[in-house]
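In what follows, a single structure is set out as structure tokens and then discussed.
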Amino acid sequence: MLEFMPIILFAVICIVLMFGFPVALSLAGTALLFAGMGLGLEAIGIDANFDSGYLAALPNRLYGIMTNQTLLAVPLFVLMGVLLEKSKVAETLLDAMALLFGSMRGGLGISVTLVGMLMAASTGIVGATVVTMGLMSLPTMLKRGYSTSLATGTICATGTLGQIIPPSIALVLLGDVLSSAYQQAQLDMGIFSPKTVSVGDLFMGALVPGLLLVVMYMIYVALVAWLRPHMAPAADREELMAELGHTSGIGMLLLKGLVPPVVLIVAVLGSILSGFATPTEASAVGAFGALVLALAYRQLDWATLKDVLRSTTHVTTMVFLILIGAALFSLVFRAYGGEHMVTELFEAMPGGVVGATIIVMLVIFLLGFILDFIEITFVVVPIVGPILLAMGLDPIWLGIMIAINLQTSFLTPPFGFALFYLRGVAPPSVSTSAIYRGVIPFILMQLGMLLMLSFFPQLATWLPSQF
């Protein structure tokens with residue numbers, strides 16, 4: 001029984017989280033409980049296979065978290081996203097795109113996809129993108145005769161692009177964890193001058209798969225509109241302009257809504273990809289640019305600023321508390337020999353590295369139903385990452401596979417987070433079954449992207465290698 005303590009620890013964590021307890025406290029509390037059990041059993045002479053020396057590393061782990069320069073990008077990117085959301089940049093952009101494409105069949109769906117992509121790149125938070133797009137675009141799409149399933153599926157799918165389109169907070173956190181895992185894997189293999197993988201590498205690796213997904217979404221909407229015109233009818237431009245309440249031309253709307261966020265995103269991403277700035281420095285540029293945009297749009301008063309800072313502080317403290325709890329969990333898991341158990345399990349698995357990767361992806365996919373990407377990144381990836389990377393996997397490819405895998409999990413019925421977010425803001429006339437039906441084609445497209453990455457890893461690794 002005692003030799004299975006790592007598995008019991010992991011199972012108890014999942015059960016506690018399913019009861020809805022706060023994630024950070026669940027991780028830390030359960031880990032401390034099991035650490036106390038191990039120390040207690042050792043004290044009465046029972047060999048619990050618990051190495052208490054791991055607990056001595058906790059102060060250094062906490063100090064490392066608090067002084068980690070890469071993680072400084074998290075509050076700045078969150079601040080940038082919340083400011084853009086509050087400044088109504090997305091609302092103006094969606095109106096402009098709707099007027100530009102709305103007069104063609106499927107045009108509103110294509111507009112939602114493009115705006116969702118830019119929202120994902122600017123906020124990087126799945127919940128914020130889905131809720132914002134649901135409130136702004138769903139009523140218009142339904143009023144214009146769009147199929148409920150097509151409208152809701154498009155909004156949910158574009159909302160999850162926040163997982164993969166850089167500069168994504170998920171990629172920032174994943175990049176930091178994978179960097180440590182990659183260095184640990186190389187040290188385990190006897191390489192004492194290890195190479196590093198940066199958040200910028202992960203951003204570059206995510207660019208091609210992310211844009212390919214956007215193109216696939218737009219092609220699907222266009223095909224549905226062509227084959228079944230009643231599901232995505234064209235809108236009359238004059239009626240649409242009157243409904244949206246805009247008297248200025250499309251050109252002025254595009255100039256006002258499209259140019260500022262695109263310039264900001266290009267400035268942030270361009271500075272990272274060119275090597276001119278680190279992700280942390282670029283996040284500061286993004287936050288400052290979003291502040292300037294909010295002021296320029298005259299959407300920033302004292303009450304809004306307090307709301308923005310409160311939201312940013314809430315998300316940031318949540319991330320760092322979860323990271324502290326995950327660090328304690330990781331140490332207790334290793335103290336019970338969990339790392340060696342997982343290594344032996346992977347080595348004994350049929351199919352070698354391919355079999356091990358498939359199992360890990362399946363576990364992460366299932367965990368995505370009950371855990372957010374932050375918990376999975378901090379709890380699961382540090383355990384399996386070093387082992388898979390020591391088996392020869394490319395860290396950038398593995399990071400992009402995990403990100404798209406989680407994106408698919410958040411979209412999959414019945415537990416996908418994106419579905420819950422949209423259900424919360426959709427009108428009562430929209431049935432839950434219609435939302436479930438709508439996301440199925442997009443899930444298949446994302447699974448197709450995972451298969452493409454499996455057979456053609458260069459989709460993720462080519463761009464970083466060029467830089």
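Counting begins at 1 with the first residue of the sequence.
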Do you know which two heavy atoms are closest between Leu79 and Ala287, and how far apart they sit?
CD2-CB, 4.0 Å
Side-chain contact, heavy-atom cut-off 4.5 Å: Phe203 with Leu207?
no
Relative to the ring of Phe10, is the ring of Phe329 parallel (under 30°), tilted (30 to 60°) or perpendicular (over 60°)?
tilted
With side chains defined as the heavy atoms from C-beta onward, is the minimum distance between Ile435 and Cys156 less than 4.5 Å?
yes
What is the minimum heavy-atom distance between Leu213 and Met445, and which atoms define it?
CD2-O, 4.2 Å
May I ask you to test the Phe333-Val379 pair for a side-chain heavy-atom distance under 4.5 Å?
no
For the pair Ser409 (side chain) and Asn405 (backbone), establish whether a donor and an acceptor sit closer than 3.5 Å, ignoring hydrogens and angles.
no
Can you tell which of Leu171, Val172, Leu178 makes a side-chain contact (heavy atoms from CB on, under 4.5 Å) with Val199?
Val172
Work out which heavy atom in Val130 is nearest to a heavy atom in Gly159; give both atom names and the distance.
CG2-CA, 3.6 Å
Applying side chain to side chain contact (heavy atoms under 4.5 Å, CB included), run through Leu174 and Leu202 and close with a yes or a no.
CA-CA 8 Å; Leu174 196 56; Leu202 219 55; 4.1 Å; yes
Of all heavy-atom pairs linking Leu411 and Val439, the shortest is O-CG2, 3.5 Å
Does any N or O in the side chain of Arg423 come within less than 3.5 Å of the main-chain N or O of Val430, such that one atom is a donor and the other an acceptor?
yes
So, do Val177 and Leu173 sit near enough that their side-chain heavy atoms are less than 4.5 Å apart?
no
Close side-chain approach of Arg61 to Ser330, heavy-atom, < 4.5 Å
yes
Check whether any side-chain heavy atom of Gln163 sits under 4.5 Å from a side-chain heavy atom of Ile404, and report yes or no.
no
What do you reckon, is CZ of Phe288 surrounded by more than 12 foreign heavy atoms closer than 6.0 Å?
no
Rounded to the nearest 0.5 Å, what's the gap from OG1 on Thr377 to CG on Leu323? Could you check?
10.5 Å
Check the pair Met231, Tyr146 against side chain to side chain contact (heavy atoms under 4.5 Å, CB included), reporting the backbone distance first and the verdict last.
CA-CA 5 Å; Met231 292 182 67; Tyr146 267 65; over 6 Å; no
If you define the side chain from C-beta out and look only at heavy atoms, does anything of Leu450 sit under 4.5 Å from Met361?
no
Minimum heavy-atom separation for Ile400 to Gly205, with atom names?
CD1-C, 3.8 Å
Compare all side-chain heavy atoms of Arg334 with those of Ile383 and state whether any distance is below 4.5 angstrom.
no
How close do Glu281 and Ala277 get, heavy atom to heavy atom, and via which atoms?
OE1-CA, 3.3 Å
